[in-house]
Engineer: 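Please read through the structure below; I'll follow up with questions.
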There are 2 protein chains.
Amino acid sequence: MTTGLGDSPARTSYRHGDLRRALIDAGVDLAQEGGPAAVVLREATRRAGVAPSAAYRHFADRQALLDAVCSSCQALVARAIEADQAGIRSTDAAEAARLRFRAVGTGYLRFALEQPGQFQTAFSASSDLDSATSSARAGDSGLTPFQLLTVALDDLVAQGLLAAERRPAAEFLAWSAVHGLAELFIDGPLRALPDPVKQTLIARVINMVEQGL
Amino acid sequence: MTTGLGDSPARTSYRHGDLRRALIDAGVDLAQEGGPAAVVLREATRRAGVAPSAAYRHFADRQALLDAVCSSCQALVARAIEADQAGIRSTDAAEAARLRFRAVGTGYLRFALEQPGQFQTAFSASSDLDSATSSARAGDSGLTPFQLLTVALDDLVAQGLLAAERRPAAEFLAWSAVHGLAELFIDGPLRALPDPVKQTLIARVINMVEQGL
DNA sequence: GCTCACATGTGTACGATGTACACATACCAG
DNA sequence: CTGGTATGTGTACATCGTACACATGTGAGC
């Protein structure tokens, strides 16, 4: 056996081991550095140490690679939300549900500010409601960002913090507000705002959602 | 004089008359057909009937052309908002202010659904808070979309419909919600929703903003 | 264990794009 | 009329996505 498999540092000649994974990882790096437009097929193959055409053994075209990178980035968003939720310490079940709901927003927006390129990539490409629940986009809990929001809203209803008749489509209202703020932060007019002001806006948007749902 | 100036249909040889304007117009058409990525410099020059290099007499690079197209598209958004506001008939000043505020949201989202390509282009590129007030992005009233929202919120305060202490930064909260919904509609998971459902969501998001501000 | 078929990576090639640079042409000032 | 400047042309190059023929490992069946 001439080559180990899955070894990133050592270059193996010819057979790569797991080129598909390597291309997606390179794509995620590119997305981090420059957003979806920077996910360039040739550069990904360069970083994986293979010829450009090799990518076509694993992806139909550049868009297919970008879709896969997009899914990976959504999984990172899910992880960021889970991280914020994991920090919650509360004995009161109702209060805990409320904090878990808010953590969906804070985690989402924290990730958008910390990794704007990956965030933009996560929501750049084709994603209908079906693929929003694909497992490739899930975090450690096995849930996608969208599903984490849905669960948090269900919990609000279960704890009596949200009237059942206001529950339908509430995920879209909450998502709109939080996602819109992220867009304004990343390449919208709020880009240059100092960080404390951004934090204040984040809290106020989440307040608006809580009161307005 | 061999050539009239500003004539779109008749091809004039050599001196074009107003190539800058022609390139921006072609760019707006391209944006309408395929969003910001479709604003391709060479295709714009092709439609204007000139050589590719000619564009560089009027724009530093492709991004500069895209910025100009972006401004034009924002002006179209402003016009859509103004159109919705113009349809308001109300003798009650407070009610009129409230409807004008809601019309900012409905006009914004109506344009996003009717002209997704131009809408995406309008908010795709570099736009900080300064350029958000640039006159190139204004509609017939001379106000940009952002300024129309600001004015509408000021009127709400003047009519006693919004507490003064809630006024600061309110434009960013309202914009977040409405802009986020537009994104979810255009290339997000809500793309395939039937139109009536979209209209319901639009009304609910605006309700959320009114209650949550 | 040998062979052969298939999966996977290589090399070359083509059209499109953004952009630089030298050249050509039309208009304006004197 | 004449020359300078603004504006459009032509050619050229690097890069990108992608197609296609070819090379090379790997595993299945004898």
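Residue numbering restarts at 1 for every chain, and letters A, B, ... go by the order of the sequence lines.
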Engineer: Checking contacts here: which listed nucleotide (C:dT17, C:dG9, D:dG17) is nearest the side-chain heavy atoms of B:Arg46?
Structural biologist: C:dT17

Engineer: Going by the rule salt bridge (Lys or Arg N to Asp or Glu O under 4.0 Å), which residues pair with B:Glu210 if we only count those two or more places apart in sequence or in a different chain?
Structural biologist: B:Arg98, B:Arg102

Engineer: For B:Leu23 and D:dT7, what is the distance between atoms CG and C1' respectively, to the nearest whole Å?
Structural biologist: 12 Å

Engineer: Mind calculating the distance between CZ (B:Arg57) and C1' (C:dT25) to the nearest angstrom?
Structural biologist: 12 Å

Engineer: What's the CG-P distance between A:Leu65 and D:dT18, to the nearest Å?
Structural biologist: 10 Å

Engineer: Whole-Å distance between C:dT8 P and A:Phe59 CZ?
Structural biologist: 12 Å

Engineer: Kindly give the heavy-atom pair with the smallest separation between A:Asp67 and A:Arg137, and that separation in Å.
Structural biologist: O-NH2, 4.4 Å

Engineer: B:Arg62 CZ to D:dC16 C1': how many Å, rounded?
Structural biologist: 13 Å

Engineer: With a 4.0 Å cut-off on N to O distance, would you call A:Arg79 and A:Glu82 a salt bridge?
Structural biologist: no

Engineer: Measure OH/B:Tyr56 against C1'/D:dT9 and give the value in whole Å, please.
Structural biologist: 15 Å

Engineer: Hey, can you pull the residues of residues 33-41 of chain B with a non-hydrogen atom under 4.0 angstrom from DNA chain C?
Structural biologist: B:Val40, B:Leu41

Engineer: Using the salt bridge (charged side-chain N to carboxylate O under 4.0 Å, His left out) rule, collect all pairs that involve residues 110-125 of chain A, keeping only residues at least two apart or in two chains.
Structural biologist: A:Asp84-A:Arg110, A:Arg110-A:Glu114

Engineer: Measure up the B:Tyr108 and B:His179 rings against each other and bin them: parallel (under 30°), tilted (30 to 60°), perpendicular (over 60°).
Structural biologist: perpendicular

Engineer: Please tabulate, for the side chains in residues 194-203 of chain A, all donor-acceptor contacts under 3.5 angstrom to protein atoms that are two or more places apart in sequence or on a different chain.
Structural biologist:
residue  : atom : partner  : partner atom : Å
A:Lys198 : NZ   : A:Arg191 : O            : 3.2
A:Thr200 : OG1  : A:Pro196 : O            : 3.0

Engineer: Please determine, for the side chain of A:Asp61, which listed nucleotide (D:dT18, C:dT19, D:dT9) has the closest atom?
Structural biologist: D:dT18

Engineer: Return the value, rounded to whole Å, for the distance between atom CG of A:Leu66 and atom P of D:dC16.
Structural biologist: 15 Å

Engineer: May I ask you to test the B:Asp29-B:Arg47 pair for a side-chain heavy-atom distance under 4.5 Å?
Structural biologist: yes

Engineer: Return the set of residues passing ring-ring contact (aromatic ring centres under 6.0 Å, His included) with A:Phe101 (not counting sequence neighbours), or none when no residue passes.
Structural biologist: none

Engineer: In whole angstrom, give the distance that lies between atom CZ of A:Arg47 and atom P of D:dC16.
Structural biologist: 11 Å

Engineer: So does A:His58 get a side-chain nitrogen or oxygen closer than 4.0 Å to the phosphate oxygens (OP1/OP2) of C:dA7?
Structural biologist: no

Engineer: Within the sub-3.5 Å range, which N or O atoms of nucleotides 10-13 of chain D have a protein N or O partner, and how far apart are they?
Structural biologist:
residue : atom : partner : partner atom : Å
D:dG10  : O6   : B:Ser53 : OG           : 2.3

Engineer: For the residue pair A:Gln115 / A:Gln32, report whether a side-chain donor-acceptor contact shorter than 3.5 Å exists.
Structural biologist: yes

